[in-house]
Amino acid sequence: MKRILITGGAGFIGSHLCEKLLNDGNDVICLDNFFTGSKDNIRHLIGNKNFELVRHDITKEYFAEVDEIYNLACPASPVAYQYNPIKTIKTCVMGTLNMLGLAKRCKARILQASTSEIYGNPSIHPQQESYWGNVNPIGIRSCYDEGKRCAETLMMDYHRQNNVDTRIIRIFNTYGPNMDINDGRVVSNFIVQALQNKDITIYGDGSQTRSFCYVSDLIDGMVKMMNNISFIGPVNLGNPSERTILDFAKLIIELTNSKSKIVFKPLPQDDPVKRKPDISLAKEKLGWKPNVDIKEGLSKTIEYFDAKLKEVK
Ligand code: NAD
Ligand code: UDP
């Protein structure tokens with residue numbers, strides 16, 4: 001039995017990871033400051049003898065004896081990470097430093113949840129890990145993009161200088177149950193709007209693209225990466241099936257049988273024009289590829305939000 005620390009464990013991805021690692025027979029410490037996460041996401045795990053919930057902020061030191069650390073703590077939605085940008089960069093930099101210090105002391109393996117955002121507004125398409133990115137260092141997304149880039153630098157320097165056993169994954173847009181209803185990301189916004197027959201808000205003309213991965217596929221890749229003996233990454237994890245945001249809005253309307261109309265709002269500054277992962281490296285090194293079809297994944301997500309909206313009423 002391994003003792004595993006999951007920072008950001010009460011968030012969307014973290015809560016699925018807590019469940020998976022507990023089901024695999026591990027002892028799990030879920031650490032969260034509940035900024036964007038919720039106890040609702042992990043309430044069903046409280047009481048499990050192998051599960052421990054800790055309210056803590058990773059910008060402060062944390063001491064425990066652990067074998068593995070999944071460092072997920074960080075708001076991921078642009079609305080959430082821009083709410084307090086200085087806190088976002090502190091979480092990325094000071095938080096990752098604290099977790100690397102913990103990994104070094106415990107000789108634990110540490111996996112950093114990095115992001116496709118480190119590629120910025122990419123000039124190479126699809127994005128390969130060898131691409132260094134095109135990031136605005138002074139824009140409104142920089143607190144997250146540059147914060148995550150610095151976290152990758154810290155991971156590599158602790159690896160080279162202190163032999164810390166590091167892993168880096170670059171997550172592309174992931175969706176599924178346990179996303180927050182007010183999260184502000186496109187999947188939750190469109191589904192919640194469609195279920196309420198409210199206007200679907202497209203930012204810009206909807207020609208920008210994204211590639212959406214269902215959460216169970218991502219979790220599978222994440223755990224494979226942590227368990228890989230020698231490959232430290234970085235590795236892209238995402239679904240290469242790319243679509244425009246306009247087509248995505250139409251798909252949500254179709255799947256929810258909604259009467260919603262599409263409306264167009266201003267495009268936020270530095271919104272990437274296109275995004276699609278090249279997953280050749282994940283296939284080669286991890287034997288991983290996503291399997292869940294978009295309609296199947298969205299149906300499960302719609303069911304989740306439908307139930308949540310009924311709870312709120
Ligand atoms: P989320 O906002 O649902 O989860 C983040 C969790 O971290 C929340 O529970 C939040 O309360 C917690 N947190 C934030 N700051 C903290 C701090 N200082 N100390 C302790 N806890 C803190 O987001 P998510 O989608 O589950 O993302 C999880 C991780 O994956 C993030 O690091 C994010 O950058 C990365 N990621 C996600 C996506 C995606 O599409 N979901 C894409 C790329 C990268
Ligand atoms: N978007 C949109 N309407 C919304 C929310 C988002 O058109 O209500 C767009 C956003 O401008 C971006 C894409 O959808 O082009 C994905 O946005 P999200 O916030 O989910 O994540 P990002 O990939 O930009 O980090």
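Read the numbers this way: they start at 1 and go in the same order the structure lists the ligands and their atoms.
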NZ/NE/NH1/NH2 to OD/OE distance under 4.0 Å, D24 and K20:
yes

Tell me which protein heavy atom sits closest to [atom], plus the residue, atom name and distance to 0.1 Å.
atom	value
atom 7 (O) of ligand 2	Y203 N, 2.8 Å
atom 21 (O) of ligand 2	N173 ND2, 3.7 Å
atom 15 (O) of ligand 2	D271 OD1, 2.6 Å
atom 13 (C) of ligand 2	I245 CD1, 3.7 Å
atom 9 (C) of ligand 2	Q208 NE2, 3.9 Å
atom 3 (N) of ligand 2	T201 O, 2.6 Å

Is I181 reachable from L255 through a run of I, L, V, M, F, W or Y residues, each pair having side-chain heavy atoms under 4.5 Å apart?
yes

Polar side-chain atom of S38 near backbone of F34 as donor-acceptor pair, under 3.5 Å
no

State whether the side chain of D217 and the backbone N or O of V292 hold a donor-acceptor pair below 3.5 Å, judged by distance alone.
yes

Under a 4.0 Å heavy-atom cut-off, which residues neighbour ligand 1?
G8, A10, G11, F12, I13, D32, N33, F34, F35, T36, G37, H56, D57, I58, L72, A73, C74, P75, A76, T91, A113, S114, T115, Y144, K148, I171, N173, T174, R185

Pairwise side-chain contact, M1 with N50, heavy-atom cut-off 4.5 Å (strictly under)
yes

Using a 4.5 Å cut-off on heavy atoms from C-beta on, say whether the side chain of L5 contacts that of L102.
yes

Please could you name the atoms of ligand 2 that I202 approaches to less than 4.0 Å, counting only its heavy atoms?
7 (O)

Below 4.0 angstrom from a heavy atom of E117, which ligand 2 atoms are there? Numbered from 1 as shown, please.
25 (O)

Which ILVMFWY residues can you reach from Y131 by hopping between side chains whose heavy atoms are under 4.5 Å apart?
I118, Y119, I124, F172

Looking only at heavy atoms, which two atoms of G9 and D32 are closest? And how far apart?
N-OD2, 3.4 Å

Report the relative orientation of the aromatic rings in Y62 and H56; use parallel for angles under 30°, tilted for 30 to 60°, perpendicular for over 60°.
tilted

Tell me whether [X] at atom [atom1] has more than 12 heavy atoms from other residues, nucleotides or ligands lying less than 6.0 Å away.
X	atom1	value
E61	CD	no
K308	NZ	yes
Y83	OH	no

Please work out whether any backbone atom (N, CA, C, O) or any side-chain heavy atom from C-beta onward of V187 is under 4.0 Å from ligand 2, and answer side chain, backbone, both or neither.
neither

What part of R275, side chain, backbone, both or neither, has a heavy atom within less than 4.0 angstrom of ligand 2?
side chain

Consider ligand 2: state whether an atom of it lies below 4.0 angstrom from any non-hydrogen atom of P78.
yes

Would you say F248 contacts ligand 2, with heavy atoms under 4.0 Å as the rule?
no

How many angstroms lie between OG1 in T166 and CG in N71, if you round to the nearest 0.5 Å?
12.5 Å

Which option out of Q193, R141, R185 puts a heavy atom nearest to atom 22 (P) of ligand 2?
R141

Which option out of N189, V186, V192, T174 puts a heavy atom nearest to atom 14 (O) of ligand 2?
V186

